[in-house]
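In the text below, chain A, chain B and the rest are named by the order of the sequence lines, each starting its count at 1.
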Amino acid sequence: MAVNAPVAPAELKSNLNDPLVIAEKIKAQYPTAVEAANAQGIVVQGEQLLEVARYLHDTPELGFDYLHNVTSVDYPDRLEVVYHVSNLARGGTPLTLKVNAARQDPAVPSLVPVYRGANFQEREVYDMMGVRFLGHPNLRRILLWDGFEGFPLRKDYKEPYYEDERKPFGTRWDQGHHVIAEDRNPWHDNVKYPASFDAVGYKPQRDTVRTVGAEDAVATKLRTDKLVLNIGPQHPSTHGVLRLKVTLDGETVVAAEPVLGYLHRNHEKIGERNTYLQNIPFTDRLDYITSMANNLAYVVGVEKLMGIKAPERAEYLRVIMAELTRWISHIAAIGFIYNDLGAFYTPLLYGLEERELVLDLFEAASGSRMMCNYMRFGGVARDVPEGFLDKVQYLVTERFPRRMDELEAYMVGNELFTARARNIGILPRDLAINYSAAGPVLRASGVKYDLRRADPYSIYDRFEFDVPVGTVGDMHDRFTVRIAEMRESVKILKQALAQIPAGEIMTGKKNYQIRVPKGEVYGRAENPKGELGFFMVSDGTPNPYRYHVRAPAFINLTALNEMVVGHKIADLIVILGSLDVVMGEVDR
Amino acid sequence: MSEEKPQAQPVPVASSEEEWIDEQVRRTVLVTPMDRVVDLVDKIYNWGRRNSVWPMGFGLACCAIEMICTSASRFDISRFGMELFRASPRQADLMIVAGTVTKKMAPSIVRLYNQMAEPKYVLAMGACASAGGPFKEGYSVVSGVDKLIPVDVYVPGCPPTPSALLYGLMQLQKKIDGQTIRDVSWYRKGASEGIPEPVLGPDVFDPRRAEEITALAGDPGKLEARAINIKSKAESKAEKK
Ligand code: SF4
């Protein structure tokens, strides 16, 4: 594979990522469609959103083929639905599209006909904000259950343990005493019911067996009964509390629908009450296997908003931590895939053994094995202890390469594995893009898109490394891409260790309360699972006005149905394993 | 062993049949108070149970990863006879609640608990399972699994390190050791009645409390009186002015 050319300087890139240029082009086509446009994004007329999206997507010259993120913001006078789209080949900062909707019964057209990756994300916006998406194939709650009262991310929604709008809570220090949450809430528990709620006569909504696409998939004359099988939320191979509703024809999967939300921990609502700094430990708990990388994505986003940069040494430390994280995340993922294949636990144990070594290093640097809470705005929390870098050096020069050779010998070349993985769960290139797949899943389908190259953050533009891609987009490719990425991580680590300078680890002094200027930002980083994005709206106070997480594992699940149809039930489990979902991130 | 075999004692000639029976009983049957028998059985019974606690493979969130690490080679849970993570609640003795208990998950957790065969134990691993943890203030998080099912051991931490989990398991072993078949609940009549599953309505509720909830929801005044109100920052600022 040829070494990637260094990123083209900004002026060489076409200005097709500039919202003002695009706005002119849209205006030429649809004179009434653009309500406003500035360097931040384009506000599109609600009724014409679908046409505009189709125009942006289908025009070869523009080619906005990838929908990164869908979210919404609740302003006092309106609800704003925000889309981030871009052209993967071009890379660079995504284009922001916005649509305004009334707060009373908001509705905007669904973008699923153009971008299938919008499916789950629009359901999430509906669930959290109550925006109806007209034309959506299956608009139901996704993270909460059918029958839940209220739209929790609306600013006027108060959770049962509500204490104050934003932290730090005045009530905790102003009056010198704190009343515990259970006493503040009349139900003495974390619940609230609508007035005159009749619990005695309440009939819970039955889980409706509505599986997308089941009817048209079984078009045989032969009369067989379809069987709907429920897998999870407690199941050893669903990687946590994922639940799948699978429609089977005999042993063949006809449709699979993920049922999510069993680990919905209100990350975003809590995040909006928190100060910026308080959110860092919460990002640890998103994808709990890759806490360092989550930290990085978040601080990169906030730093963009604040306009500060970390000192050299801190940037290098960040890269070292993030790449070590990528390495252990992938090795665990590989172990789990083998677990799902039936090689119970043994291959995983090999992975966990290496992981322990890295966790020890993390503990030395940050004080905690898993939840590192290490990065800060403008630096890292503390410098690494003596001997740390030597240990990393030993790992990347001796131990890791040896382990990877072993892995490749036992696992990649394994005949049984090849038989089970080749041509299983294929996600073709076009569909991978259209479904907004990210990370190794996208690259396994042959799309050379890695944020470290396409939109470099931190100091990734200084390192030499390849972006491995697959050819077919099957399970085997997703597996080998991960192994190749591990090798690239080691390459980066070696370079970083050779270059790391001594010096400061923090710009300015440590600050508990940071001031973030007004504005909004979509900050993102290439996590082991894919593009982890943070969309934040700041109103100049110490707390984010809106805080949204673009979770790669969540969006990758959108394409699950596409991958499993026609395969056997045993393959379904492995295909799910090859997506490497972590429920903390999926449900947030 | 000594070289000389103990000589078999000549059986004394019984003077009567009754005496003979007494003699036989004395020689072959252990006569001791019932209490001591029970103690002996307890010892064996508990020793067996304590060293083969099979946990249910049941991970909810981040803590589950540390649970997996505990069972991996470095910390090696099998030193305690607990390495058999069972996927089915029917075969498990211990439910390690490793992670955040959400409202949506609550009915499933109670159902799983009901499906476990007695004797069964629950270990709440981590801050979330013990009391709601960092996510306690969230609208869809249950403040600790003990709101749903009885808990035997709490292990603090976020996440608890594998060593902390092992310590918790040793505490559980201690608890098991202290139990006696005289008063354990699972030999009592009607002991294994299940806990009714919570219902997911506008918010989660316990069906046993349905009447109480309906009565309160229909009576805003009474409901209001149950809460202690605190002033928000803005309110107390305005008051000072
Ligand atoms: S206690 Fe901490 S580590 Fe454990 S599940 Fe809760 S948040 Fe995750």
Side-chain angles (χ1 to χ4, degrees), chain A residues 144-145 147-149 152 159-161 163-165 169-171 174-175 179 181-200 202 204 233-236 240-241 261-266 269-270 273 281-282 285 288-289 349 352-353 355-356 369-371 583-584, chain B residues 57-62 64-66 68-69 72-74 85 87 99-100 102-105 108 112 132 134-143 147 158-159 161 199-205 207 209-211 213-214 216-218 220 223-234 236-237:
Chain A
L144 292 158
W145 57 91
F148 183 84
E149 172 95 359
E159 56 271 44
Y161 280 169
E163 186 167 345
D164 207 340
E165 273 306 322
F169 292 141
T171 46
D174 219 28
Q175 298 166 351
V179 181
E182 278 84 350
D183 286 345
R184 263 180 281 125
N185 181 317
W187 300 101
H188 300 322
D189 203 349
N190 191 8
V191 289
K192 68 173 192 183
Y193 308 101
S196 66
F197 164 56
D198 176 22
V200 180
Y202 185 79
Q234 192 264 333
H235 190 276
V241 285
Y262 289 93
L263 190 54
H264 179 52
R265 301 192 279 195
N266 330 137
K269 187 77 178 177
I270 295 176
R273 301 247 188 267
F282 280 87
R285 286 153 182 82
Y288 30 77
I289 300 184
L349 283 179
L352 291 181
E353 193 187 348
R355 184 167 177 266
E356 286 291 334
R369 283 159 52 86
M370 260 174 75
M371 304 303 177
M583 294 317 286
Chain B
F58 176 52
L60 290 175
C62 354
I65 304 295
E66 284 297 61
I68 293 171
C69 287
S73 39
R74 181 174 179 192
F85 277 84
T100 318
T102 60
K103 290 177 184 170
K104 199 170 179 179
M105 195 64 193
S108 310
L112 286 168
F135 300 96
K136 176 172 175 170
E137 61 193 286
Y139 48 85
S140 79
V141 173
V142 178
S143 319
K147 303 251 172 184
C158 181
T161 57
V199 181
L200 291 176
D203 210 325
V204 73
F205 67 89
R209 290 185 54 202
E211 271 169 29
I213 289 170
T214 312
L216 274 175
L223 194 63
E224 196 57 34
R226 282 163 60 99
I228 300 176
N229 274 318
I230 46 170
K231 288 170 200 142
S232 71
K233 189 156 53 176
S236 54
K237 249 188 204 159

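- Only the side chain of B:L112 has a heavy atom closer than 4.5 Å to any heavy atom of chain A.
- Contacts of B:F205 classified as ring-ring contact (aromatic ring centres under 6.0 Å, His included), with partners at least two apart in sequence or in another chain: A:F197.
- Contact detail for B:K103 and A:P160: the closest heavy-atom pair is NZ-CG, 4.4 Å.
- For A:D198, the parts lying near chain B are the backbone and the side chain together; criterion is any non-hydrogen pair under 4.5 Å.
- A distance-only check finds a donor-acceptor pair linking the side chain of A:W145 to the backbone of B:G201 [under 3.5 Å].
- Interface summary for chain A: among B:C62, B:G59, B:P207, B:C69, the most heavy-atom pairs under 4.5 angstrom belong to B:C62.
- For B:R209, the CZ atom counts as loosely surrounded, since its 6.0 Å shell holds 12 or fewer non-hydrogen atoms of other residues, nucleotides or ligands.
- When heavy atoms are compared at a cutoff of 4.5 Å, B:V199 approaches chain A solely by way of its side chain, counted from C-beta outward.
- Of the atoms belonging to A:R369, it is side-chain heavy atoms, and not backbone ones, that fall under 4.5 Å from chain B.
- Contacts of B:A61 with chain A are made by both backbone and side-chain atoms, with heavy-atom separations under 4.5 Å.
- Heavy atoms closer than 4.5 Å to chain B are found in both the backbone and the side chain of A:P194.
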Exercise for the section: Let me see the working for B:F135 and A:R285 under side chain to side chain contact (heavy atoms under 4.5 Å, CB included), right down to the final yes or no. Expected result: CA-CA 10 Å; B:F135 300 96; A:R285 286 153 182 82; 4.0 Å; yes
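- Under the 3.5 Å distance criterion, with hydrogens and angles disregarded, no donor-acceptor pair is assigned to the side chains of B:S108 and A:Y262.
- With respect to chain B, the highest number of heavy-atom pairs below 4.5 Å among A:R273, A:E149, A:E356, A:E353 belongs to A:E356.
- Interface remark: A:K192 contributes backbone and side-chain atoms alike to the contact with chain B (heavy atom separation under 4.5 Å).
- Taking the side chain as every heavy atom from C-beta outward, B:I65 and A:R355 approach each other to under 4.5 Å.
- Heavy atoms closer than 4.5 Å to chain B are found in the side chain of A:I289, but not in its backbone.
- The CG atom of A:N190 lies 4.5 Å from the OG atom of B:S143; values are rounded to the nearest 0.5 Å.
- Interface summary for chain B: among A:P281, A:G261, A:G584, the most heavy-atom pairs under 4.5 angstrom belong to A:G261.
- If you measure heavy-atom distances from A:L352 to chain B, the contacts under 4.5 Å come from the side chain alone.
- Here the CE-OG1 distance, from A:M583 to B:T100, works out to 12.5 Å after rounding to the nearest 0.5 Å.
- For the set B:L216, B:L60, B:I213, B:V142, the count of heavy-atom pairs under 4.5 angstrom toward chain A peaks at B:I213.
- For an aromatic pair to be called close, the ring centres must be under 6.0 Å apart, and B:Y139 with A:H264 satisfies this.
- Listed here is the closest heavy atom pair of B:S73 and A:L349: N-CD2, 3.8 Å.
- Of the listed residues (B:G138, B:P202, B:A217), the greatest number of heavy-atom pairs within a distance under 4.5 Å of chain A belongs to B:P202.
- Atom NZ in A:K269 sits 11.0 Å away from atom CD in B:E137 (nearest 0.5 Å).
- Remark: A:E182 pairs with B:K136, B:K147 by the salt bridge (Lys or Arg N to Asp or Glu O under 4.0 Å) rule, at least two apart or across chains.
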TODO: Would you please test A:F148 and B:S140 for side chain to side chain contact (heavy atoms under 4.5 Å, CB included) and show each step?
DONE: CA-CA 10 Å; A:F148 183 84; B:S140 79; 5.6 Å; no
